[in-house]
Amino acid sequence: MMGTMNFLQAINLALKEEMHRDEKVFILGEDVGRRGGVFLATEGLYEEFGDRVLDTPLTESAIAGVGIGAAMYGMRPVAEMQFADFMLPAVNQIVSEAAKIRYRSNNDFHVPMTIRAPYGGGVHGALYHSQSLEAMFNSIPGLKVVIPSSPYDAKGLLKAAIRDEDPVLFFEHKRAYRLLKGDVPEDDYVIPIGKANVVREGDDVTVITYGLCTHFAQQAATALEKEDISTHVLDLRTVYPMDREAIVEAAKKTGKVLLVTDDNKEGSVLSEVAAIIAEECLFDLDSPVQRLAAPDVPAMPYASPLEKYYLVTKDKVESAIRDLAQF
Amino acid sequence: MMGTMNFLQAINLALKEEMHRDEKVFILGEDVGRRGGVFLATEGLYEEFGDRVLDTPLTESAIAGVGIGAAMYGMRPVAEMQFADFMLPAVNQIVSEAAKIRYRSNNDFHVPMTIRAPYGGGVHGALYHSQSLEAMFNSIPGLKVVIPSSPYDAKGLLKAAIRDEDPVLFFEHKRAYRLLKGDVPEDDYVIPIGKANVVREGDDVTVITYGLCTHFAQQAATALEKEDISTHVLDLRTVYPMDREAIVEAAKKTGKVLLVTDDNKEGSVLSEVAAIIAEECLFDLDSPVQRLAAPDVPAMPYASPLEKYYLVTKDKVESAIRDLAQF
Amino acid sequence: MHKYERAGLQKDDLLYMYRTMLTARKIDERLWLLNRAGKIPFVISCQGHEAMQVGAGMALERGKDYLLPYYRDLAMVVHFGMTIEDIMMSNFAKEQDISSGGRQMPGHYGSKKLGIVTGSSPVTTQVVHAAGYALAGKMEGKDFVCLTSFGEGSSNQGDFHEAANFAGVHRLPVIFFCENNHYAISTPLDRQLSCVNVSDRAKGYGMHGETIDGNDPIAVYAAVKAAVERGRNGEGPSLIEAVSYRLTPHSSDDNESTYREADEVTEAKGRDSITTFAQYLKELGFFTDEDEQAMHDEIQAAIDEATDAAEAAKYASPESALLHVYDQ
Amino acid sequence: MHKYERAGLQKDDLLYMYRTMLTARKIDERLWLLNRAGKIPFVISCQGHEAMQVGAGMALERGKDYLLPYYRDLAMVVHFGMTIEDIMMSNFAKEQDISSGGRQMPGHYGSKKLGIVTGSSPVTTQVVHAAGYALAGKMEGKDFVCLTSFGEGSSNQGDFHEAANFAGVHRLPVIFFCENNHYAISTPLDRQLSCVNVSDRAKGYGMHGETIDGNDPIAVYAAVKAAVERGRNGEGPSLIEAVSYRLTPHSSDDNESTYREADEVTEAKGRDSITTFAQYLKELGFFTDEDEQAMHDEIQAAIDEATDAAEAAKYASPESALLHVYDQ
Ligand SMILES: Cc1ncc(C[n+]2csc(CCOP(=O)(O)OP(=O)(O)O)c2C)c(N)n1
Ligand SMILES: Cc1ncc(C[n+]2csc(CCOP(=O)(O)OP(=O)(O)O)c2C)c(N)n1
Ligand SMILES: [Mg+2]
Ligand SMILES: [Mg+2]
């Protein structure tokens with residue numbers, strides 16, 4: 001069975017299937033119950049699963065911390081942070097607790113919890129409803145950070161995250177929710193966490209990216225076919241810990257590497273990709289590593305012209321690939 | 001006037017001088033008053049400045065947030081976080097507020113605040129009194145992150161941080177406090193934030209590092225002189241935003257680059273250094289970029305043999321330089 | 001003696017009060033129209049909060065005291081000096097937006113010259129800044145007070161607790177002003193709060209606490225005025241909770257049909273201060289139907305003009321997005 | 001009727017209570033000696049807290065209820081099943097440390113099989129986990145309760161507030177047990193807390209709150225027992241504050257001479273439960289000086305043995321530092 005659905009529906013379906021499959025799975029977060037979440041990711045689940053879909057008070061540290069406690073007990077909480085930006089009050093629980101519990105207890109306790117959060121901009125969300133926060137969490141051993149790039153991946157990766165025995169931060173691009181549509185099997189499949197995915201084979205330039213930018217990279221690659229530029233696209237899928245092997249292979253494939261993120265540049269997760277390349281395949285490169293990213297300003301402004309200036313787009317990716325192909 | 005003092009005394013002196021110089025400077029934190037701080041960084045200041053050295057309740061988010069409010073009003077708060085590990089409850093105030101206030105208010109408000117925190121391990125502090133947290137803050141435009149490597153630098157950089165018009169995170173290696181001694185002028189000098197510093201000229205291998213590891217790198221370089229290995233050492237001093245120019249120059253100088261941190265490796269601030277090198281001086285390198293770091297585990301264990309296994313030491317730096325020289 | 005007299009108010013004050021409430025309401029209504037017409041991307045409303053906001057704001061001294069508001073405080077900031085045009089510029093995200101030059105969403109008020117401290121979206125952070133302002137004032141020997149506002153849902157955030165305790169320990173002149181409108185987006189009081197009144201928390205911070213009718217601007221004025229006096233006299237902070245109801249959906253992005261009944265909203269509209277306070281003024285003989293109509297017309301004209309000006313105004317340049325990350 | 005009878009306790013319970021208190025005290029004293037002799041790097045003490053910890057712990061059912069303790073809770077975890085050897089292994093950071101295999105500092109208790117939930121150093125995080133355990137229990141239809149403890153300084157952290165409110169809203173069987181020892185490192189009550197009693201905060205969370213003498217293990221037992229019953233009956237959480245005094249410096253790294261007078265400590269030692277409760281038992285005729293001596297000797301011998309065993313035990317291998325980051 002296969003259906004065409006958007007990214008948001010794929011998320012919703014994954015949640016529903018996992019709640020059916022395992023009664024230890026429950027959802028908690030702000031407005032996830034009757035309201036179905038402010039983006040409707042949990043729509044219909046309260047009606048179907050009742051108190052297993054729990055509206056919490058407006059307290060992110062408690063959402064994370066209660067989830068951690070319940071997970072240590074043996075449940076599989078799926079916490080929703082209303083916006084990635086609002087995870088920040090929960091950072092102590094996520095970094096000091098969730099990430100370190102298995103290690104500090106010498107494997108006695110563990111935290112099988114998923115934290116979902118919409119990230120990214122382009123929807124007039126301004127500074128605090130547009131941020132990409134993955135870079136704050138890409139140096140925290142014990143955590144996994146997953147960012148799907150299509151409805152198919154969203155379903156398979158979210159199911160894998162929920163079944164994972166360790167805490168997973170699961171970032172969903174809020175613009176992807178309705179923009180991305182695709183075929184999603186209605187049966188049970190999971191996509192392994194920790195593995196990157198070649199979404200397009202090519203010979204001239206390698207693009208390494210993740211999330212919504214994967215979509216832009218694919219669009220750009222298609223457009224550039226006309227110019228006889230063949231683009232290889234690697235979707236990281238998991239941005240922490242990274243799939244070194246896949247990165248090295250993709251970089252060597254063409255010898256010209258463009259890294260793309262919609263986060264700001266300095267210190268983004270692309271830095272680690274570049275570092276892996278600098279360690280492993282320096283002599284296989286034909287041109288310097290390029291990074292395309294948002295400018296290094298605190299976050300995306302509200303006014304349309306400024307937001308547009310800030311955003312990474314298909315056109316910007318396209319021209320960066322072209323430049324690199326011509327290097 | 002010049003005195004030999006340790007790193008801790010240099011910090012204490014900088015605080016004292018700045019409090020004398022500008023009555024808007026005040027200190028707040030846990031146990032900073034009569035107790036003089038748990039590491040004694042503020043020793044004697046309560047006696048001298050009274051209520052300008054304020055013991056706060058045990059609430060890091062309030063320490064940061066009250067500091068931010070006072071700074072917006074026009075004061076120059078110097079907040080102490082008792083251990084870097086305990087900054088995590090304050091992340092929302094630091095990242096959502098301190099870092100973004102100038103930008104979001106279109107330059108109407110700003111936050112001239114310094115947040116000091118002891119970081120790093122090697123003193124039996126175990127998981128939660130040993131962490132290096134700079135990597136969590138090296139992708140946050142609006143913040144500056146400074147990590148001094150000597151008593152001289154500690155004084156000059158802390159004074160610069162306090163006078164800076166923007167928020168500065170100032171990490172002090174807790175093992176450096178008593179380990180590092182050096183000449184510190186008793187007069188007023190500041191060291192510019194944002195500029196790296198060549199602490200040793202050399203021709204064979206470039207080490208780029210910061211904080212206490214700079215000390216190890218210098219020791220290793222001295223030891224390697226006997227083997228006719230000449231080491232160039234760049235101390236980043238400011239790890240965010242980074243001094244691209246100095247990094248490129250240092251990398252080109254020898255063509256062989258070793259990056260060193262006592263943080264764990266993946267996603268550390270070294271990733272950005274490697275990325276800059278991969279972007280700017282790929283064709284000037286004679287060997288792949290090397291990173292020496294702690295293993296990717298959540299934090300340093302308590303038991304001595306495990307702590308030792310985790311730590312970056314002078315010996316580890318020395319052998320990494322040697323390997324690279326022989327590449 | 002009338003209750004407004006007991007509160008130390010005069011006829012002119014009451015008329016000003018009403019005009020300010022009405023101005024905010026009418027701006028708010030215009031914003032919804034602009035949003036539905038596709039002219040502005042987002043609205044967050046003050047409807048139902050006008051009385052408490054104006055009552056509280058009037059208890060402060062402009063030019064001296066500080067306001068650390070939240071996104072619903074349109075009426076409060078209008079009282080504090082933001083013009084209708086300022087508000088429109090910010091809703092259209094134009095360069096002239098005094099809060100942020102169009103960088104922030106509407107409702108994120110700030111202006112150094114007006115004593116309104118810049119705010120963000122993550123709730124309750126401003127509550128801690130209020131303690132910081134008050135601490136600075138105490139250190140500098142000033143006698144200003146700081147009023148910071150937040151929703152009842154937001155009173156559950158850790159930052160509220162830490163700020164209230166800090167202000168309590170240091171006896172800082174902070175007024176913690178909770179605007180209880182019964183909902184935090186879709187979450188009603190009983191799933192949000194474990195106490196009966198938010199002001200039940202005051203004792204835990206050693207401060208005065210009280211709960212008042214947020215539809216009665218005079219009662220709110222009186223309670224906040226007393227808190228201001230305590231603050232100036234070194235008697236520390238207060239927690240004032242004003243109770244009303246959110247008359248609109250949470251924001252223009254919300255759909256409230258899944259979580260509350262239309263009846264409940266209709267009933268709350270019966271207590272709407274815009275109606276009841278006009279009625280009160282008329283009963284006092286301070287105000288006629290004609291006065292009311294004139295006031296409406298006058299405000300409407302000003303809003304029309306400000307809307308046109310804001311619509312015609314220019315955006316900041318795209319490259320200006322790079323400015324003001326650090327001191328230059 | 002004696003107060004211990006009113007509390008439902010019997011002679012044997014009282015003797016067990018005292019033995020457990022004394023065991024903890026004597027372990028603690030040994031740890032200081034080991035530290036001063038350079039054999040262990042760090043000590044954090046329970047001295048002054050023994051009565052409240054044992055009283056509270058005994059009100060729970062081992063094997064059923066959960067403990068989410070903090071670093072001072074040596075006496076509580078000894079009651080909950082940690083042996084003297086377990087404690088020594090952890091202080092020597094040996095592989096056999098059941099809490100962490102030598103990875104964490106001492107005082108960071110945890111053992112799944114004993115129902116003691118692993119804790120960290122940043123204060124108050126465990127308080128939120130307690131609400132999570134209790135929520136899971138409620139979802140699964142269990143009737144266990146969760147006791148979580150923390151210092152009075154830590155009750156100011158945002159996480160305390162958020163957890164207490166969460167437990168209040170969902171009427172979860174959590175016992176918030178505050179061990180008020182008058183200091184948070186160097187910071188005394190009046191610079192830490194804005195309320196008179198920490199239990200003044202209970203009303204703000206719609207829960208029962210009370211403050212009791214932490215040197216009286218029977219009073220603590222009775223208060224916690226009642227809280228356990230409320231919890232099991234679906235009547236929600238409680239906030240119990242036990243007041244005593246920290247008889248040692250904050251930790252082996254602390255120097256208390258700068259912030260408190262020796263007199264104050266001496267005075268508090270006059271109320272030390274280890275002395276007063278022994279006295280009480282003797283007055284009841286349950287205990288003689290000889291019994292006391294015998295108990296001391298017996299415990300001492302066990303401590304000697306455990307110390308030797310822990311000193312001789314091996315560390316985890318250095319490379320084992322790489323294990324257990326993720327599921328393998
Ligand atoms: C830390 C944080 N979490 C979540 C949100 C999303 N959010 C915006 S407003 C709101 C509800 C606020 O409710 P309340 O405090 O009662 O204020 P009201 O909107 O009712 O005036 C939420 C959950 C946010 N802005 N900040
Ligand atoms: C979040 C955090 N901040 C700071 C510390 C450092 N610290 C350890 S114990 C302590 C004092 C705790 O006082 P209290 O809660 O009263 O407990 P007590 O030690 O008196 O039992 C502090 C500040 C910490 N562990 N965690
Ligand atoms: Mg509300
Ligand atoms: Mg204490």
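Each chain gets a letter, A, B and so on, in the order its sequence line appears, and its residues count up from 1.
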How far apart are the closest heavy atoms of A:Asn92 and B:Pro89, and which atoms are they?
ND2-CG, 3.6 Å

With chain A as the partner, which of B:Ser268, B:Ala99, B:Pro241, B:Pro301 has the greatest number of non-hydrogen pairs under 4.5 Å?
B:Pro241

In terms of heavy-atom pairs under 4.5 Å with chain B, which of A:Arg104, A:Glu279, A:Lys265 leads?
A:Glu279

Do you know which of A:Gly142, A:Ala126, A:Pro295, A:Ser287 has the most heavy-atom pairs with chain B at a distance under 4.5 angstrom?
A:Ser287

Please look at A:Asn138 and chain B and tell me whether the side chain, the backbone, both or neither of the residue comes under 4.5 angstrom of a heavy atom of that chain.
both

Could you check whether atom CD of B:Glu165 has more than 12 heavy atoms from other residues, nucleotides or ligands sitting under 6.0 Å from it?
yes

Under a 4.5 Å heavy-atom cut-off, does chain B meet the side chain of A:Gln93, its backbone, both or neither?
neither

Would the number of heavy atoms belonging to other residues, nucleotides or ligands and lying under 6.0 Å from CD of B:Glu280 be above 12?
yes

I'd like to check A:Val91 versus B:Met136 (side-chain heavy atoms, cut-off strictly below 4.5 Å). Are they in contact?
yes

Has the side chain of B:Tyr103 got a donor or acceptor atom that lies under 3.5 Å from a matching backbone atom of A:Val297?
no

What part of B:Arg102 is in contact with chain A, defined as an atom under 4.5 angstrom from a non-hydrogen atom: side chain, backbone, both or neither?
neither

A:Phe283, part contacting chain B, at a heavy-atom distance under 4.5 Å:
side chain

Is A:Pro141 close to B:Asn264 at the side-chain level, that is, under 4.5 Å between some pair of heavy atoms?
yes

Which portion of B:Ala299 sits near chain A, non-hydrogen atoms under 4.5 angstrom:
both

Under a 4.5 Å heavy-atom cut-off, does chain B meet the side chain of A:Arg244, its backbone, both or neither?
side chain

For residues A:Lys100 and B:Pro298, report the shortest heavy-atom separation together with the two atoms involved.
CE-O, 3.5 Å

Portion of B:Glu60 that has a non-hydrogen atom of chain A nearer than 4.5 angstrom:
neither

Here the pair of heavy atoms bringing A:Met242 nearest to B:Glu266 is N-OE2, 2.8 Å

Using a heavy-atom cutoff of under 4.5 Å, enumerate the residues of residues 271-278 of chain B that contact chain A, numbered in order, or state 'none'.
B:Ser271, B:Glu272, B:Ala274, B:Ala275, B:Ile276, B:Ala278

Does a sphere of radius 6.0 Å around CD in A:Gln326 hold more than 12 heavy atoms from other residues, nucleotides or ligands, not counting ones at 6.0 Å or beyond?
yes

Interatomic distance, A:Asp286 atom CG to B:Leu282 atom CG [nearest 0.5 angstrom]:
9.5 Å

Would you name the heavy atoms of B:Ser96 and A:Leu88 that are closest together and state the gap between them?
OG-CD1, 3.3 Å

Turns out that what part of B:Asn106 lies under 4.5 Å from chain A's heavy atoms comes down to neither

